[in-house]
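Below, chains carry the letters A, B, ... as their sequence lines are ordered, and counting in each starts from 1.
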Amino acid sequence: MDRYDPIVIEQKWRKRWEDEKTFKTDLKNAKKPFYNLMMFPYPSGEGLHVGHVYAFGGSDTFGRFKRLQGYDVFEPMGFDSFGIHSENYAIKTKTHPKDLIEKTTGYFREKQLKRLGALFDWDRQVITSDPDYYKWTQWIFIQLFKAGLAVRKKAPVNWCPSCKTVLADEQVISGRCERCNSEVVQKELAQWFFRITEYAEKLLNNLETIDWSQSTKLIQRNWIGRSEGAEIDFPIKGSRLKIRVFTTRPDTIYGATFMVLAPEHELALKISSAKFSEAVRDYIAQSKKATELERSQAKTGVFTGAYCLNPFTNKQVPIWVADYVLGIYGSGAIMAVPAHDQRDFEFAKRQGLKIVKIVSGGVAQEKAYVGEGKLVNSGQFNGLNSQEAIDTMSDYIEKNKFGRKTVNYHLRDWLISRQRYWGPPIPMIFCALCAKKGDGEKAKDRVVHPGWYAVPEKDLPVRLPHLENYQPKGRGVSPLATMPDFVSVKCPKCGKTARRETDVSDTFLDSSWYFLRYPSTEFKTKAFDQKITKKWLPVNSYIGGNEHAVMHLLYSRFITMALKSLRLIDFEEPFNKFRAHGLIIHKGAKMSKSRGNVVNPNDYMDAYGPDALRMYLLFIGPYDLGGDFSDRAIAGVYRFLNRVWKLLLGLGKGTQVSASDKLNRAINRLVLKAGEDLESLKFNTAIAAIMEFTNLASKHKNEFDRGTIEKYLIVLSPFAPFTTEELWERLGFLKEKGSVHHQAWPISESKYLEAENVTIAVQINGKLRDTMVVERSKIDRFATGDHFVDYKREIETLALSSKKVKKHVNGRKVRRVIYVPEKVLNIVVDV
RNA sequence: GGGGAUGUGGCGGAACGGUAGACGCACAGGACUUAAAAUCCUGGGAGCUAAAAGCUCGUGUGGGUUCGAUUCCCACCGUCCCCACCA
């Protein structure tokens, strides 16, 4: 018998599978399409890490299982190669991103991904920095522009001084840049936005209809952040102007002792009285310079000298400007209720403002009382509890035209522009001449942005020019702006000299539609083919990390909805099923270069083979929890594969015509258990079941028949594709039946699952009274009413009447009977 | 501050409300070997007991529901994750 040599086996089958196109799926003629997607990697310089193997291994194991179940599985792979991450790495290593990407994608694909034993269809790989791909990314931008979903607006935006670009709201975590952790500052800039907020309601509601990990849905729900409340207008004393505020607690309006405007608020300076306007101006200037984090440190602010009238009481309240109020949420102004809002409370304390308690139940001494209670000091509304008050007072507001009920979202429009080099140029052209005339590309039948034109489709892609000095300049424009040849372009309308948009788009736009491109890679004249798309999308199973719960997954949903509303596709959710896998850590911490605890998968593939690595990772624990990578434990799985190898090759010719009952029962149970577990991605327990069978089978070596070996190998094959194929061949199945991966998932025969005796213990009032042995198939689990039973008769009755349970036996009522498969049955009765 | 998840041997983890600890790691004893490695076999929650049998206690803590709770409910403690001046 040969020694188990996973490296030799891997190389042999990799070549053979590739040559024979064993896993090629015919997309056009597939009968049962199953789109098995996993999040594609960005090709970093460090190479694939073990977390990728975890994600791809699990997903591929599932895909292989689906294949055995008779589905035509399409499992594509590609590279998210545009973007800041690649560009920063290129800067660091002093290479050009284009050269870098060529090198890294090659390494990822040839030296790593192809070793995993996955079903990847490399004829359809997608590389987002490839002009064939980003041509269509640009095309999608234009479609959105024409639908009025891509707009240019001047707004305070997040600027990362280190990455030297603006960022989307989603890419700022607690005031810091998601990539480099620098503190972000606000800048007022004109930028391109996607109007994702148009879809806030749909993005939220559709979550009910899709089968996603609960945790992921929850993160999205929180991010969208719907809150119901009211807009209320407070007239300014001695002026026709009003200040509009948003509040979720209109019931607390009697406690509104002052108003606060964000420094960005348009009225902030305008309403300030002469005496205060200089202080206000200084304050606004100062808060503009501060980072978001600095702004959130202390409750600073200045009085404007102006007053509002509370529409409910007509009492005057002072108006302040303070940067704890955000310019971007609601209307950028609030009514402050210090007794019942902690932030207002702190501000009031600091500035010596009045605090009036209007909700009973809490004491406003050291902190605000935020909960609910009965209204006091609230005129005609006294005595109502908070919920009632919100309803009646909201109605009152609408009736008296003080304002209206409204809904606000935390979700912001998606800022698409990036002042960087390594991305698809935004395909827009600005013509100053046309702008003067009010001409421009129409969006939804009207010119929204005079002077702006989409690049005509025939001119796509707008190629990213080669630029030696591609490093970001930090002047609020992309390095592309330094290339006169690139910037200068003829106006598509008037033909005069115009200029190109020089910003590139956010990387997340590249990845927000790549799943549409995979099945359509051969179509060079369209982004995606209608027919193929209809056949293969939405994606049947998507697996990836929860770190993308907001950004990638939210953007993909939005792009899909937008394309649906343009009637380019006929579904609005891209991923019917999404599962987030857990994080693989090492030595108790997240893997990172600085910690020096990064696991290189190649080391382990070299030592134990890819089968052992992927199987080990799936064996660590529940797939959604991840776990700690252990050098030792992987050897255990390697040993297991060795045992399988020896067991099967050691059977020789001694296999029986038919397997023993014991083995039959075991293999049938294994098929059932492994199938159920694979379906719900419980890889760890499926593997445990296979090991259990292996242990048992080792003790009954001469009870095997061909059919049992066959089933055993098929069940193991999604986990260990190389090893099982080799054994399959060596045992003579290959010639006869073709690849193990082309077999059908075995059907478990119910007679072997059920025909077994169980021991029954009968307890009466908790005391053991009797035991008996009953054939398993004759009992069924049930529970019923609440009285007495002649248990021996009842068991017989049960055996005969199957699932029906009688409530009375011999004049006594059944209390409760419970059957536990393979375990002890307690029949508990009252006397 | 808000939201969520989670807590079981030395370790990773199993367990439709029904024999807690499957499977694996590590460990110990044995077989093979001159010896070791590899491999194979055996063992194991803790305590009482010389040992076996047996008994007692055991799933973060305290309550509750139930004939029966690791599982369901409530409170608390610990750990982890997401969001965070979002009114």
Side-chain angles (χ1 to χ4, degrees), chain A residues 3 169 173-175 214-223 225-227 229-230 245-250 252 256 260 262 292-293 295-299 322-337 340-344 346-347 367-368 370 408-412 546-547 549-550 582-583 585 616 619-622 624-625 627-637 639-640 642-643 646 673 682 684-695 698-699 759 761 763-767 781 783 786 815-830:
Chain A
R3 181 174 77 84
D169 200 38
I173 314 287
S174 304
Q214 282 308 320
S215 59
T216 314
K217 286 194 192 184
L218 193 81
I219 292 171
Q220 289 216 348
R221 229 172 254 135
N222 289 343
W223 186 260
R226 183 181 198 273
S227 55
V245 302
F246 171 74
T247 178
T248 53
R249 293 293 299 272
T252 61
V260 185
E292 259 196 28
L293 271 175
R295 281 181 61 157
S296 69
Q297 301 298 323
K299 293 272 175 304
D323 60 11
Y324 82 91
V325 170
L326 304 177
I328 35 172
Y329 185 73
S331 54
I334 61 159
M335 62 176 209
V337 184
H340 306 291
D341 181 287
Q342 188 56 27
R343 296 153 301 183
D344 297 344
E346 283 165 26
F347 188 76
K367 63 192 257 232
V370 186
N408 246 304
Y409 296 92
H410 171 229
L411 183 69
R412 306 278 144 71
N546 236 355
E547 69 271 19
V550 261
L583 195 67
I585 58 174
Y616 161 65
F619 187 56
I620 291 180
D624 54 347
L625 288 187
D628 206 322
F629 188 91
S630 150
D631 297 22
R632 282 224 189 103
I634 185 172
V637 173
R639 279 202 290 270
F640 164 74
N642 264 293
R643 281 200 292 277
K646 281 188 200 148
K673 168 83 177 150
K682 291 177 179 168
N684 57 331
T685 49
I687 293 169
I690 295 172
M691 288 174 168
E692 220 170 324
F693 174 83
T694 309
N695 292 344
S698 309
K699 289 177 188 139
T759 309
Q763 294 179 353
I764 297 181
N765 284 349
K767 285 187 184 142
R781 175 159 53 125
D786 46 353
R815 167 106 183 157
R816 184 168 289 169
V817 184
I818 295 161
Y819 162 62
V820 189
E822 292 175 72
K823 292 183 180 172
V824 175
L825 173 76
N826 296 323
I827 298 177
V828 182
V829 291
D830 283 342

Notebook entry, point to check: Shortest non-hydrogen contact from A/Ser215 to A/Asn546?
Noted result: OG-ND2, 3.0 Å

[atom1] spacing across the pair [N] / [M], given as an integer number of angstrom:
{"N": "B/rG62", "M": "B/rU42", "atom1": "P", "value": "39 Å"}
{"N": "B/rC73", "M": "B/rG4", "atom1": "P", "value": "13 Å"}
{"N": "B/rA35", "M": "B/rA53", "atom1": "P", "value": "34 Å"}
{"N": "B/rU6", "M": "B/rC57", "atom1": "P", "value": "30 Å"}
{"N": "B/rC80", "M": "B/rC74", "atom1": "P", "value": "24 Å"}
{"N": "B/rA14", "M": "B/rG78", "atom1": "C1'", "value": "24 Å"}
{"N": "B/rA28", "M": "B/rU33", "atom1": "P", "value": "22 Å"}
{"N": "B/rG13", "M": "B/rG1", "atom1": "P", "value": "29 Å"}

Notebook entry, point to check: Taking only residues two or more places apart in sequence, or in another chain, which ones meet A/Phe246 in a ring pair (Phe, Tyr, Trp, His ring centres under 6.0 Å)?
Noted result: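 By the ring pair (Phe, Tyr, Trp, His ring centres under 6.0 Å) rule, A/Phe246 matches no residue at all.
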
Check: How would you list, by chain and number, every residue that makes a ring pair (Phe, Tyr, Trp, His ring centres under 6.0 Å) with A/Phe619, sequence neighbours excluded?
Finding: none

Side chain of [X]: nearest nucleotide among [options]?
{"X": "A/Trp223", "options": "B/rA84, B/rA22, B/rA87", "answer": "B/rA84"}
{"X": "A/Leu218", "options": "B/rA26, B/rC23, B/rG4", "answer": "B/rG4"}
{"X": "A/Arg632", "options": "B/rA87, B/rA26, B/rG3", "answer": "B/rA26"}
{"X": "A/Arg643", "options": "B/rU39, B/rC40, B/rA84", "answer": "B/rC40"}
{"X": "A/Lys299", "options": "B/rC85, B/rG3, B/rC25", "answer": "B/rC85"}

Answer with base, sugar-phosphate or nothing: what part of the nucleic acid does [X] contact at a heavy-atom distance below 4.0 Å?
{"X": "A/Gly636", "value": "sugar-phosphate"}
{"X": "A/Ile690", "value": "nothing"}
{"X": "A/Arg412", "value": "base"}
{"X": "A/Val325", "value": "base"}
{"X": "A/Ser630", "value": "nothing"}

N/O (side chain, [X]) to phosphate O (OP1/OP2, [N]) under 4.0 Å:
{"X": "A/Asn695", "N": "B/rG24", "result": "yes"}
{"X": "A/Ser215", "N": "B/rG4", "result": "no"}
{"X": "A/Arg3", "N": "B/rA38", "result": "no"}

Using nucleotides 41-45 of chain B, report all nitrogen or oxygen pairs with the protein that are shorter than 3.5 Å.
none

Could you work out, with salt bridge (charged side-chain N to carboxylate O under 4.0 Å, His left out) as the rule, every residue matching [X], not counting sequence neighbours?
{"X": "A/Arg249", "value": "A/Asp251"}
{"X": "A/Lys682", "value": "none"}
{"X": "A/Arg221", "value": "A/Glu208"}

Give the rounded distance in Å between these two atoms: [atom1] of [X] and [atom2] of [N].
{"X": "A/Asp631", "N": "B/rA26", "atom1": "CG", "atom2": "C1'", "value": "14 Å"}
{"X": "A/Ile334", "N": "B/rA87", "atom1": "CD1", "atom2": "C1'", "value": "6 Å"}
{"X": "A/Asn642", "N": "B/rG24", "atom1": "CG", "atom2": "P", "value": "15 Å"}
{"X": "A/Tyr329", "N": "B/rC83", "atom1": "OH", "atom2": "C1'", "value": "14 Å"}
{"X": "A/Phe640", "N": "B/rU39", "atom1": "CZ", "atom2": "P", "value": "15 Å"}
{"X": "A/His410", "N": "B/rA87", "atom1": "NE2", "atom2": "P", "value": "9 Å"}
{"X": "A/Gln220", "N": "B/rG4", "atom1": "CD", "atom2": "C1'", "value": "15 Å"}
{"X": "A/Arg639", "N": "B/rA37", "atom1": "CZ", "atom2": "P", "value": "13 Å"}

Item checked: B/rG9 glycosidic torsion: syn (within 90° of 0) vs anti -> syn

Margin query: Stem list for RNA chain B, please, built from Watson-Crick and G-U wobble pairs under 3.5 Å and keeping only runs of at least 3.
Written below: B:1-7 with B:77-83, B:10-12 with B:23-25, B:27-31 with B:39-43, B:45-48 with B:54-57, B:60-64 with B:72-76

Any N/O pairs under 3.5 Å between the protein and nucleotides 5-13 of chain B? List them or say none.
from	atom 1	to	atom 2	distance (Å)
B/rG12	O2'	A/Ile620	O	2.8

Which atom pairs, donor and acceptor, lie under 3.5 Å between side-chain atoms of residues 324-337 of chain A and protein residues at least two apart or in another chain?
from	atom 1	to	atom 2	distance (Å)
A/Tyr324	OH	A/Asp344	OD1	2.8
A/Tyr329	OH	A/Ser227	OG	3.0
A/Ser331	OG	A/Arg244	O	2.5

Check: How long is the span from the CG atom in A/Asn642 to the CZ atom in A/Arg639, to the nearest 0.5 Å?
Finding: 9.5 Å

Checklist line | Atom pair CG/CZ of A/Asp341 and A/Phe347 - distance to nearest 0.5 Å | finding: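 Rounded to the nearest 0.5 Å, the CG-CZ separation comes out at 12.5 Å.
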
How would you list, by chain and number, every residue that makes a side chain to side chain contact (heavy atoms under 4.5 Å, CB included) with [X], sequence neighbours excluded?
{"X": "A/Glu346", "result": "A/Lys299, A/Gln342"}
{"X": "A/Ile690", "result": "A/Phe640, A/Leu670, A/Thr694, A/Tyr712, A/Val715, A/Leu716, A/Phe719"}
{"X": "A/Asp624", "result": "A/Pro622"}

Check: Do the side chain of A/Tyr616 and the main chain of A/Ser630 share a donor and acceptor less than 3.5 angstrom apart?
Finding: yes

Check: Of A/Glu346 and A/Lys682, whose nearest nucleotide on RNA chain B comes first from the 5' end?
Finding: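 Nearest nucleotide further toward 5': that of A/Lys682.
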
Check: Are side-chain heavy atoms of A/Asn222 and A/His410 found at a separation under 4.5 Å?
Finding: no

